[in-house]
Enquirer: 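Supplied in structure tokens, the structure appears directly below.
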Amino acid sequence: MLNPESNPPAPEDRENLDFLREIVKRDNLCGLYGGRVVTRFPPEPNGYLHIGHAKSICLNFGIAREFGGVCHLRFDDTNPETEDMKYVEAIMRDVRWLGFDWQDKLFFASDYYERLYEFAVRLIKDRKAYVDSLSEEEIRQYRGTVMEPGRESPYRSRSVEENLDLFARMRAGEFPDGAHILRAKGDMGARNMKMRDPLLYRIRHATHYRRGDDWCIYPMYDFAHPLSDAIENVTHSICTLEFENNRAIYDWLLDNLFPEPRPHQYEFARLNLDFTVMSKRKLLQLVEEGLVAGWDDPRMPTIAGLRRRGYTPEGIRLFAARIGVDKANSRVSMELLEDAIRDDLNARAPRVMAVLRPLKVTITNYPAGKVDWLDAPYWPRDIDKEGSRLLPLTREVYIERTDFSENPPAGWMRLQPGGEVRLLSSYIIRCEEIVKDPATGSVIELRCTYDPDSPGKSTGTKRRKSTAIQWVSAAHAAPAEVRLYDRLFTVADPEDVPEGKTFKDHLNPDSVNILRGCLLEPGLANAPAGERFQFVRHGYFIADAADSRPGALVFNRIIELRDTYKAGKGAETDKAAAAPAKPARRPEERKEAAPVAAGRTSDVRARARAANASLARRYEDYVSVLGLSPELADVLTGDAAVADFFDAAVAVHPNARAVANWTANEVMSGLKGRTLSELSFTPADLAELVRLIDQGTITTAAAKTVFGEMLAGVGKPQEIVARLGLDKGLSDAELSAAIDAVLAAMPDKVEQYRAGKTSLLGLFTGQVMRATGGKAGPQAVQELLKRKLG
RNA sequence: UGAGGAGUGGUGAAACGGCAUCACACCUGGCUCUGGACCAGGCUUUCCAGGUUCGAAUCCUGGCUCCUCAGCCA
């Protein structure tokens, strides 16, 4: 479980796939791409990658790997004004560090500029694109609003020749920025704003970080992205939810320029993490305003920051696997990330001792000058690893200030006056005397005795009375600076700000606490930068990659250990003021919805009836003559096709109530986007099906089976019934045998049922129904089932 | 008041008409030379209202709430 990537199960054999893998699997099964799976991760090189990108990287590269495909790394570099080679390099380093490999599939949209230009020309020739000469402001006005349709540009009707000429001259640099723009001929009245003549190419006299001054026109995302996908033969183009509306352009463009099988776009919910921000703009702001020490500040959610903080690629991948992927907007709590990191580090970080806030201990019965070298394992018993080092014990040692209490609370397991505690991998000491600073009254030294026989001895009896604490020899300790990091913001959602405030007002003033004069066990004196350890009873730490050197050690706290010690926790730990309780989100959703009058009708159907006297009349008839409920009558009379279907069916079999229910529920459900006329059965067929039920020829359950076949277009009701033998009924003996077989197949469930889990009756019923094709009738099945189960 | 999405414990997900499941968090207890890890147990869930069905988180109808879209950013 620690490394889900190492041996990914073949997705075909796995259940509970996320919706994206389900789609890929489906496409593979039906052979849409001949078994090819090509995904892509398409960053724009205008900033650093963050943990949200990590989710996307794990998804795209993960899917490719699991399905035996490839994932391209493509830089969507179509905006010369913000992009830079340094970002390209940083992004490649981050993706690689996360453990993914794009093989030789490194691409740049900027390499496609010539081909993209040709596609634009083709669109113009096909009269599907035109050069618009409206100003930026005019374009905005012509676009309309979400409530009002837009207006067509007066330049929309330019001739192909004129468009071609203008577009060529745009490229040639004859016009200043903004003078003209290439647009697709969408639909200015489209309800989807994205389709109101989307912008394809803009003039931008700017130097591109890769193409220099080769171009002065640049493709827009909506144009470059789908075409780049198609050029690369991408199969599944996976992006975040905010691009859902853009999919219309994606499809429009590719349908016009590429035959199937062409790429298709799917969207998932981007990651939101509590207590941090994820937008590039805000991250950039933190860096530029010096609110953090750079993109790789260990408090930043950037990959670079997490790496410097000490997070592992394996831990991040584990996190990504655990949060899964869906289309619901969500906020993941920090604990999920932190636990994944801990889970990974637990098995790979050797245990060492560090005293962060030293308190001197003199062991009075230990000879001055004597050094005992004690063997101390690097790993606890439960970790399957070998290795140990020798630790020097001397008369003067340091322990953690927080491991001593003069007036301990109940349940205290550390040192207290007159009490005993084990020095880890060493002797038990007893606190005999407390030395205080006469001026301040604070404890400055403990005078203790040690028990020379204590190795192997227990400090506690049945219930533990004390724990074992870390220590270092005063004469041997290596000094270090230790940086304790905490969450960057004080609130779960820093972007949720009241009037007049910004997310920066939620910055945690105590997000870093720098401790100097920390003392580490001597072996750490030469710890190489980037090395990770568990400082026993503190947490996981890493020698800072940038600042730590032998002789001037600097450690970053990656993550604290879980701490189940409750009493006095707030005072004892390094945590900044405990984060305020997270306010309940989506409070509106928790509210009871106002009661709605039952049977309210739909406005569109009411309007349809208002405009169609026949429908209105039928609504009245259905209620008063046929005795249907107003809701049912409403559903049936909102559309002439539905009403006609129903009328035709009732004419064949006059059980209005049953036919209405079948029409409103099963037929509507079975439509799946089709219209009634596209159905492969007639109203008379449906009527016949209902008649078979009413006659007692088949059960309702069997009728559902028959209906499924009818939807699939494989015959008339009677034929299906005959073919499946559904009218044969089931003898008592046959039913009994079927039930016995089902129960015999799941003895554990039977036992649970008898033990009181009666909700299992549905499971048994379902199994028997399935086994008998619904011939028996659920009441009979359940009755007999109950008798057999006692 | 348009279009497109989405609502399952505190958090993220699963269940594809039949057992509401998993991970994290939280609470007990056990074990421990880390108040870690581990082990055992527990706590909490289908947005609302109708309907269909023997049976609904799932299907039908209506409602509510949230997110996205009116950049020559991506």
Side-chain angles (χ1 to χ4, degrees), chain A residues 16 18 44 46 76 78-79 82 136 139-140 143-148 150 177-178 181 190-194 196 199 202-204 220-221 225 241-248 267 269 274 322-333 335-336 339-340 342 346 351 380-383 413-414 422-426 458-459 464 467-470 534 536-537 561-565 582 584 586 588-596 598-602 629 631-632 634-635 661-662 664-666 668-669 700-701 704 749 752 757 759-767 769 777-779 781-782:
Chain A
N16 303 347
D18 59 64
E44 186 192 12
N46 68 346
D76 255 355
T78 55
N79 182 0
T82 58
E136 198 170 335
I139 285 180
R140 215 190 324 280
R143 185 149 37 214
T145 68
V146 289
M147 298 303 302
E148 301 155 2
D177 288 4
I181 192 155
R191 274 95 47 125
N192 179 357
M193 297 286 296
K194 295 283 182 193
R196 320 248 258 229
L199 278 25
R202 78 280 213 188
I203 301 172
R204 186 116 321 165
M220 301 286 291
Y221 165 86
H225 193 88
L241 249 27
E242 65 268 29
F243 292 103
E244 269 177 324
N245 294 337
N246 302 57
R247 191 175 63 232
E267 310 86 14
D274 275 353
R322 284 183 181 175
I323 57 174
V325 56
D326 196 19
K327 295 190 71 155
N329 288 311
S330 58
R331 289 195 80 72
V332 176
S333 68
E335 281 89 1
L336 236 39
D339 187 75
R342 273 194 206 102
N346 178 45
R351 275 52 169 181
R381 261 206 301 275
D382 49 284
I383 303 290
M413 303 214 303
R414 288 111 101 152
R422 157 90 56 192
L423 297 181
L424 265 161
S425 298
S426 178
S458 169
T459 49
R464 278 181 87 210
T467 184
I469 65 171
Q470 67 272 27
Q534 184 193 106
V536 168
R537 302 208 305 133
L561 250 27
R562 274 184 72 233
D563 185 4
T564 53
Y565 174 56
K582 201 161 115 184
R586 302 181 289 200
E588 301 80 0
E589 282 181 69
R590 302 291 169 215
K591 256 187 271 172
E592 289 280 306
V596 178
R600 190 195 287 187
T601 59
S602 137
S629 69
E631 300 96 304
L632 211 40
D634 172 47
V635 172
N661 278 335
W662 273 86
N665 289 297
E666 306 305 322
M668 296 294 226
S669 166
T700 310
K704 293 264 174 93
K749 298 292 182 189
Q752 286 171 31
K757 193 171 177 182
S759 60
L760 283 166
L761 187 64
L763 173 67
F764 298 137
T765 308
Q767 294 295 319
M769 300 291 288
Q779 297 93 332
V781 170
Q782 293 199 344

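Computed from a predicted structure; not experimentally measured. In what follows, every chain begins at residue 1, and chains take the letters A, B, ... in the order their sequences are listed. Side-chain atoms are counted along with the backbone in the values below, which use heavy atoms only and exclude waters and symmetry mates.
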Enquirer: Check whether any side-chain N or O of A:Arg143 sits under 4.0 Å from OP1 or OP2 of B:rG71, and answer yes or no.
Expert: yes

Enquirer: Check every strand shown and say whether A:Asp382 touches a base, only sugar-phosphate, or nothing at a heavy-atom separation below 4.0 Å.
Expert: base

Enquirer: Tell me the interatomic distance from A:Asn79, atom CG, to B:rC73, atom P, rounded to whole angstroms.
Expert: 6 Å

Enquirer: For atom P, what is the distance between B:rA40 and B:rA23, given to the nearest Å?
Expert: 11 Å

Enquirer: Starting at atom CZ of A:Arg414, determine the distance to atom C1' of B:rU34, rounded to an integer number of angstrom.
Expert: 11 Å

Enquirer: Check this one for me: any side-chain N or O of A:Thr78 less than 4.0 Å away from OP1 or OP2 of B:rA74?
Expert: yes

Enquirer: In terms of side-chain heavy atoms of A:Arg537, which of B:rU34, B:rC72, B:rG4 is nearest?
Expert: B:rU34

Enquirer: Any side-chain heavy atom of A:Lys194 within less than 4.5 Å of one from A:Arg247?
Expert: no

Enquirer: Which whole-number value in Å describes the distance from A:Leu632 CG to B:rC59 C1'?
Expert: 15 Å

Enquirer: Closest nucleotide of RNA chain B for A:Val146 versus for A:Glu136: which of these residues is on the 5' side?
Expert: A:Val146

Enquirer: Base, sugar-phosphate or nothing for A:Thr765? Non-hydrogen atoms, less than 4.0 Å.
Expert: base

Enquirer: What I want to check is whether an N or O donor and acceptor connect the side chain of A:Asp326 with the base of B:rG12 at under 3.5 Å.
Expert: no

Enquirer: Suppose we define a pair by two distances each less than 3.5 Å, Watson-Crick or G-U wobble; what does B:rU65 pair with here?
Expert: B:rA6

Enquirer: Is the distance from OP1 or OP2 of B:rA25 to the nearest side-chain N or O of A:Arg562 less than 4.0 Å?
Expert: yes

Enquirer: Under 4.5 Å between any side-chain heavy atoms of A:Asn661 and A:Glu666, yes or no?
Expert: no

Enquirer: Say you pick atom P in B:rA57 and the same atom in B:rG9; how far apart are they, in whole Å?
Expert: 14 Å

Enquirer: Just call it for A:Glu242: base, sugar-phosphate, or nothing, with non-hydrogen atoms closer than 4.0 Å on any strand.
Expert: sugar-phosphate

Enquirer: What does B:rG71 pair with, Watson-Crick or G-U, if both distances are under 3.5 Å?
Expert: none

Enquirer: Could you give the OH-to-C1' distance, from A:Tyr565 to B:rC27, as a whole number of Å?
Expert: 18 Å

Enquirer: Quantified in whole Å, what is the C1' atom distance between nucleotide B:rA37 and nucleotide B:rG30?
Expert: 14 Å

Enquirer: On a whole-Å scale, what distance lies between the P atoms belonging to B:rA74 and B:rC39?
Expert: 50 Å

Enquirer: With respect to the side chain of A:Glu335, which nucleotide from B:rU61, B:rA25, B:rC73 is positioned closest?
Expert: B:rA25

Enquirer: Between A:Arg414 (side chain) and A:Ala468 (backbone), is there a donor-acceptor pair under 3.5 Å?
Expert: no

Enquirer: Is there a donor N/O on one and an acceptor N/O on the other, under 3.5 Å, for the side chain of A:Gln782 and the base of B:rC54?
Expert: yes

Enquirer: Per the atom types in the model, does the base of B:rG51 pair as donor or acceptor with the side chain of A:Asn665 at under 3.5 Å?
Expert: yes

Enquirer: Where is the tightest heavy-atom contact between A:Tyr221 and A:Thr78, given as atom of each residue plus distance?
Expert: N-OG1, 4.4 Å

Enquirer: Just N and O in the side chain of A:Arg140: are any of them under 4.0 Å from OP1 or OP2 of B:rG71?
Expert: yes

Enquirer: When rounded to the nearest Å, what value does the distance between C1' atoms of B:rC38 and B:rG7 take?
Expert: 37 Å

Enquirer: Taking the nucleotide of RNA chain B with the closest heavy atom to each, which residue, A:Leu336 or A:Met769, is nearer the 5' end?
Expert: A:Met769

Enquirer: Compare the minimum distances between each of B:rG5, B:rG36, B:rA74 and the side chain of A:Asn246, then state the nucleotide with the smallest one.
Expert: B:rA74

Enquirer: Considering only atom P, compute the distance from B:rA56 to B:rG51 and round it to an integer number of Å.
Expert: 12 Å

Enquirer: Would you check if A:Ile469 and A:Leu424 make a side-chain contact, meaning some heavy-atom pair closer than 4.5 Å?
Expert: no

Enquirer: Is A:Ser426 close enough to B:rC33 that one of its side-chain N or O atoms is under 4.0 Å from OP1 or OP2 there?
Expert: no

Enquirer: Roughly how many Å is it from CD in A:Glu244 to P in B:rC66, rounded to a whole number?
Expert: 18 Å

Enquirer: Select base, sugar-phosphate, or nothing to describe what A:Val536 touches, counting heavy atoms under 4.0 Å on all strands.
Expert: base

Enquirer: Looking at A:Asn245 and A:Asn192, would you say the former's side chain and the latter's main chain have a donor-acceptor pair under 3.5 Å?
Expert: no

Enquirer: Measure from the side-chain heavy atoms of A:Gln752 and tell me the nearest of B:rC19, B:rC60, B:rA25.
Expert: B:rC19

Enquirer: Mind checking A:Phe764 for me? I need base, sugar-phosphate or nothing, with any heavy atom below 4.0 Å counting as a touch.
Expert: nothing

Enquirer: Between B:rC59, B:rA13, B:rG5, spot the one nearest the side chain of A:Ser330, thanks.
Expert: B:rA13

Enquirer: Just the rounded figure in Å: distance from C1' of B:rC72 to CZ of A:Arg196.
Expert: 18 Å

Enquirer: Name the pairing partner of B:rU53, where a pair is Watson-Crick or G-U wobble with both distances under 3.5 Å, or state none.
Expert: none

Enquirer: Report which part of the nucleic acid A:Ser425 touches: base, sugar-phosphate, or nothing (heavy-atom distance under 4.0 Å, all strands).
Expert: base

Enquirer: Suppose we call a contact any N or O donor and acceptor under 3.5 Å apart; does that hold for the side chain of A:Lys704 and the base of B:rG17?
Expert: yes

Enquirer: Within the side chain of A:Asn346, is there an N or O that forms a donor-acceptor pair under 3.5 Å with the backbone of A:Arg342?
Expert: no

Enquirer: Looking at B:rA74, I'd like to know if its phosphate oxygens (OP1 or OP2) sit under 4.0 Å from a side-chain N or O belonging to A:Arg202.
Expert: yes

Enquirer: Measure from the side-chain heavy atoms of A:Asn16 and tell me the nearest of B:rA70, B:rG5, B:rA15.
Expert: B:rA15

Enquirer: B:rA23 pairs with which nucleotide, Watson-Crick or G-U wobble, both distances below 3.5 Å?
Expert: B:rU11

Enquirer: For A:Asn661, report the nucleic acid contact type (base, sugar-phosphate, nothing); a contact means any heavy atom under 4.0 Å.
Expert: sugar-phosphate

Enquirer: May I ask you to verify if any side-chain N or O of A:Thr564 is less than 4.0 angstrom from the OP1 or OP2 atom of B:rG36?
Expert: yes

Enquirer: A:Gly144 and A:Arg196: which non-hydrogen atoms are nearest, and at how many Å?
Expert: C-NH2, 3.8 Å

Enquirer: Applying the Watson-Crick and G-U wobble criteria at under 3.5 Å, what pairs with B:rC16? Answer none if nothing qualifies.
Expert: none

Enquirer: Any N or O donor-acceptor pair under 3.5 Å from the base of B:rU34 to the side chain of A:Gln534?
Expert: yes

Enquirer: Have a look at A:Asn245 and say if it touches a base, only the backbone sugar-phosphate, or nothing, with a 4.0 Å heavy-atom cut-off.
Expert: base

Enquirer: Decide, for B:rG71, between syn and anti: a glycosidic angle within 90° of 0 counts as syn, anything else as anti.
Expert: syn

Enquirer: Work out how far the C1' atom of B:rC48 is from that of B:rU8, and round it to whole angstrom.
Expert: 15 Å

Enquirer: Checking all strands, does A:Ile139 fall into the base, sugar-phosphate, or nothing category for heavy-atom contacts under 4.0 angstrom?
Expert: base

Enquirer: What nucleic acid atoms does A:Lys194 come within less than 4.0 Å of, heavy atoms only: base, sugar-phosphate, or nothing?
Expert: base

Enquirer: Closer than 4.0 angstrom, basic N to acidic O: yes or no for A:Asp339 and A:Arg322?
Expert: yes

Enquirer: Identify whether any heavy atom of A:Gly766 sits under 4.0 Å from a base atom; if not, whether one sits that close to sugar-phosphate; answer base, sugar-phosphate or nothing.
Expert: base

Enquirer: For residues A:Thr765 and A:Gln782, report the shortest heavy-atom separation together with the two atoms involved.
Expert: OG1-NE2, 3.1 Å

Enquirer: Using OP1 and OP2 only, check whether a side-chain N or O of A:Arg351 sits under 4.0 Å from B:rA37.
Expert: no

Enquirer: For A:Asn46, which contact category applies under a 4.0 Å heavy-atom criterion: base, sugar-phosphate, or nothing?
Expert: nothing

Enquirer: Identify whether any heavy atom of A:Ile323 sits under 4.0 Å from a base atom; if not, whether one sits that close to sugar-phosphate; answer base, sugar-phosphate or nothing.
Expert: sugar-phosphate

Enquirer: Quote, to the nearest angstrom, the C1' distance that separates B:rG29 from B:rG50.
Expert: 47 Å

